[in-house]
Every structure is written in structure tokens, then in C-alpha cells.
Amino acid sequence: MQLGLVGLGRMGGNMRERLRAAGHEVVGFDHNAELSDVASLAELAEKLEAPRAVWVMVPAGVTDATIDELADVLGAGDIIIDGGNSRFSDDAPRAERLNDRGIGYIDVGVSGGVWGRQNGYALMVGGAQEHVERLMPIFEALKPAGEFGFVHAGPVGAGHYAKMVHNGIEYGLMHAYAEGYELLTASELVTNVPGVFKSWREGTVVRSWLLDLLDRALDEDPELAELSGYTEDTGEGRWTVDEAVRLAVPLNVITASLFARFASRQDDSPAMKAVAALRQQFGGHAVRKR
Ligand SMILES: O=C(CO)[C@H](O)[C@H](O)COP(=O)(O)O
């Protein structure tokens with residue numbers, strides 16, 4: 001099957017390779033001319049036979065602009081697929097805008113990171129059944145080889161919603177391993193912390209791919225000495241917590257792991273300074289001066 005692919009960075013570039021290896025014809029566009037197969041979106045559209053399918057894999061901030069630009073060179077009967085980490089609430093308005101021009105829209109949450117080319121990408125899909133069916137050969141090629149790793153989660157928006165919750169869970173899981181790491185490191189008894197994590201990779205209740213990756217990181221740098229704890233986020237955790245507030249769902253772990261990232265960016269905590277100041281005020285307790 002033919003597919004247009006817009007955005008050939010870490011994710012899109014590897015997806016192009018996986019699709020080509022499965023026999024699909026991929027025409028890729030990227031603003032970086034060294035990565036791109038064509039010079040423009042117009043040329044990409046020309047190279048594809050109608051009805052076309054074009055997968056957009058760009059950073060969340062530029063998705064709407066990219067889709068609008070793309071819609072100008074596509075036509076009725078074509079389908080646009082957004083596989084980036086878009087906020088689910090952007091999907092319905094996007095689908096409506098495209099629907100006015102007869103263009104279909106599918107949202108796909110994609111998980112697999114830089115390992116997806118080799119292991120496959122788990123796909124969480126939102127959209128109309130007829131659109132999803134048309135893209136099935138592409139989904140089959142991208143998904144992992146086994147029984148799982150693909151879901152048509154519901155109508156437009158459901159794919160990104162499922163990916164948002166996946167990422168919220170990811171925040172919580174990572175933070176639980178991280179807290180275990182810190183406690184083991186603080187302990188007077190355990191002398192081989194990387195060894196403990198490695199041993200957990202088989203047979204334990206807590207084995208997982210994230211654990212495997214932590215073991216890999218500890219192989220490279222056993223005390224994580226090369227790293228600062230400063231941790232960014234790109235929105236998925238915040239959207240998950242926003243949804244939890246809207247629906248009054250108690251997301252204790254995920255919310256705490258999001259807030260831990262915010263705390264990681266502070267040199268000192270204004271809140272804890274206030275706590276120290278108050279203890280000094282009411283109890284005359286000692287404080288540390290800067
Ligand atoms: O979707 C992903 C993994 O599943 C991306 O790596 C995403 O960037 C992770 O979210 P954050 O940057 O907020 O940690």
C-alpha cells in the first residue's frame with residue numbers, strides 16, 4: 001500500500017523503515033531536506049495515487065498547522081492520520097474541519113519509542129470503522145508481531161485518549177521504580193543496587209520493559225552519576241490529571257509522579273522554605289540558612 005508520511009524524526013524515520021521493510025511504498029516529507037523524499041507537501045500529494053492516506057508524525061505543537069497545510073494539497077476521499085502525541089480534545093475539531101472537505105481523519109496513539117522499528121509499535125486507534133479498515137495493512141506492518149499491540153479504541157479522539165492514559169501509567173510506573181532505586185541506594189545493607197534491579201528482570205512480580213530499560217541505564221552508568229535529576233514533561237501527564245479532575249477520579253500515583261517532575265526542576269523549594277519558616281515561628285525550631 002502507498003502511504004505519505006510527514007515528519008521523519010526519531011519516530012517517523014524509523015516507522016518509514018519498518019513500513020518499507022514490510023513492502024509498503026512510503027513517500028516521506030520532512031523539513032530537513034536530508035531526510036525527505038520530496039521537496040514539499042504538494043509533491044508528496046502528487047506522488048500518491050488517490051484516494052491517498054497521509055500519516056502525520058510531528059511534535060504536538062505543530063500538528064494542526066501541518067494538517068491544515070496538508071489538507072490544502074489533498075482532496076475528498078483522502079485520509080489523514082495523526083500518530084503524534086496530540087491532546088485527544090484536539091481530534092474532534094480537526095476531524096470536523098477535514099470532514100468539511102471530504103477528508104477522513106484517524107488519531108493513533110503510538111507507543112514503542114526508538115525501539116519500535118525493531119519491536120513494532122503498539123497502536124491505539126480512534127476513528128470511523130471504514131477509515132480504520134482502509135489503513136489496516138499499514139497498522140499490521142507497524143504493530144508488534146504478536147497477538148496484542150493494536151486496538152481500535154473507539155471514535156475519533158479515543159486513540160489519543162488511550163495513549164494519554166498509557167503515558168499517565170508510564171509516569172507512575174517509572175516513578176515507582178525510581179523511588180525503589182533511591183531507597184535501595186540509601187540503604188546501609190544493599191551493596192549491589194544494579195544487581196538487584198537486574199535480578200528482578202526474571203521471575204518477579206515487577207518485571208517489565210521499563211525495568212529492563214532501567215537495568216540497561218544502570219549497566220551504562222551504575223550510579224547514574226552522569227545525569228541530573230531534572231526531568232521534563234511534554235504534556236501527557238498534565239492532560240491525564242486534567243481529565244482526572246474533570247471526572248473526579250482519584251489519580252493519586254500519577255498525579256504525584258507528575259508533581260515529582262515539577263519538583264525536579266527546582267533548585268530550592270519555596271513551599272519547603274515556607275514550612276521551615278513556620279516551624280521556626282511556632283516552635284522556635286532550627287532552620288538552615290542559605
Ligand atoms: O509517548 C511517549 C512514550 O510513551 C513519549 O516518549 C513521550 O514524550 C513521553 O511523555 P513525557 O515526555 O511527558 O515523559
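One-based numbering, in listed order, for ligands and for the atoms of each. Heavy atoms only: backbone and side chains are in, while hydrogens, waters and symmetry mates are out.
No side-chain heavy atom of N14 sits less than 4.5 Å from a side-chain heavy atom of W115.
Within 4.0 Å of ligand 1, heavy atoms belong to protein residues N85, K163, H166, N167, E170, Y171, D233, T234, R261.
When atom types are taken as modelled, the side chain of D68 and the backbone of A65 share no donor-acceptor pair closer than 3.5 angstrom. D221 contributes a side-chain N or O that, together with a main-chain N or O of E226, makes up a donor-acceptor pair within less than 3.5 Å.
Between the CZ atom of R216 and the CG atom of L218 there is a distance of 12.0 Å, given to the nearest 0.5 Å.
The pair R207-D215 fails the salt-bridge criterion, with no side-chain N (NZ, NE, NH1 or NH2) lying under 4.0 Å from an Asp/Glu carboxylate O.
If you chain together hydrophobic residues whose side chains sit under 4.5 Å apart, L48 and L8 never meet in one group.
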